[in-house]
Amino acid sequence: MDNNFSESQIAGYKKQLHDRIHWLLIYKDNGDSKELDKYFNELLRQIKSLNAVFNYQPVIIQLLVTIESAYEEFKKPNCDFKIYRKLVLDAHALVDKIKEV
């Protein structure tokens with residue numbers, strides 16, 4: 001796969017990633033657990049694929065682990081929304097740390 005993407009393409013994708021992470025809060029607020037479960041799995045798969053595109057930056061691992069932590073909190077029968085929300089917002093902030101390389 002050719003990983004020669006322009007800075008504007010990478011910046012555009014990072015904005016989309018911000019939006020996708022934000023939906024983790026919206027789906028949780030709506031109480032649609034089945035849809036949120038599917039959404040988490042799809043998002044995690046996509047983030048795992050970002051390594052090559054973003055030149056194997058360590059922040060991608062941090063992002064993946066943070067979203068997986070939010071997913072684990074979501075799956076708990078007594079999910080603590082404050083913890084869940086903090087993890088989602090932390091993931092959101094990590095996207096800004098991804099360099100457009």
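In this text, all values refer to a predicted model and were calculated from it rather than measured experimentally. For the numbers below, each heavy atom of this structure counts, side chains included, while hydrogens, waters and symmetry mates do not.
- Looking only at distances, no side-chain donor or acceptor of Glu68 sits under 3.5 Å from a matching main-chain atom of Leu44.
- Atom NZ of Lys86 is surrounded by 12 or fewer heavy atoms from other residues, nucleotides or ligands within 6.0 Å.
- Atom CZ of Arg20 has more than 12 heavy atoms from other residues, nucleotides or ligands within 6.0 Å.
- Checking each of Thr66, Leu89, Leu63, Leu94 against Ile21 for a side-chain contact (heavy atoms from CB on, under 4.5 Å) leaves exactly one that passes, namely Leu63.
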Starting from the C-alpha separation in whole Å, work towards a yes-or-no answer on side-chain contact (heavy atoms from CB on, under 4.5 Å) for His92 and Leu17. CA-CA 8 Å; His92 200 272; Leu17 191 53; over 6 Å; no

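- Between Glu42 and Arg45 no salt bridge is recorded (no basic side-chain N to carboxylate O distance below 4.0 Å).
- Between Glu73 and Asn78, the closest heavy-atom pair is OE2-O, 4.4 Å.
- Contact of the Val59 side chain with the Val95 side chain is not registered, since no non-hydrogen atoms from C-beta on lie closer than 4.5 Å.
- Within a 6.0 Å sphere centred on NE2 of His22, heavy atoms belonging to other residues, nucleotides or ligands number 12 at most.
- Leu64 and Leu87 end up in different hydrophobic clusters when Ile, Leu, Val, Met, Phe, Trp and Tyr side chains are linked at under 4.5 Å.
- Lys34 is linked by a side-chain contact (heavy atoms from CB on, under 4.5 Å) to Asp32, counting only residues two or more places apart in sequence or in another chain.
- Cluster membership check: Val88 shares its hydrophobic cluster with Ile26, using side-chain heavy-atom separations under 4.5 Å among Ile, Leu, Val, Met, Phe, Trp and Tyr.
- When all heavy atoms are compared, the tightest approach of Ile10 to Phe54 is CG2-CE2, 3.1 Å.
- Taking the ring axis of Tyr71 as reference, the NZ or CZ atom of Lys75 stays within 45° of it and closer than 6.0 Å to the ring centre.
- A distance of 10.5 Å separates NZ of Lys38 from CG of Asn41, quoted to the nearest 0.5 Å.
- There is no path of hydrophobic side-chain contacts, each under 4.5 Å, that joins Val65 to Ile67.
- With hydrophobic clusters built from ILVMFWY side chains whose heavy atoms lie under 4.5 angstrom apart, Phe81 shares a cluster with Trp23.
- Note that OH of Tyr56 and CD1 of Ile61 are 11.5 Å apart. Values are rounded to the nearest 0.5 Å.
- Gln62 has its side chain out of reach of Asp90: every pair of non-hydrogen atoms, C-beta onward, lies at least 4.5 Å apart.
- Within the 4.5 Å cutoff, side-chain heavy atoms of Ser33 are placed close to those of Phe74.
- In plain terms, the two heavy atoms of Tyr84 and Cys79 that are nearest each other are CB-SG, 4.1 Å.
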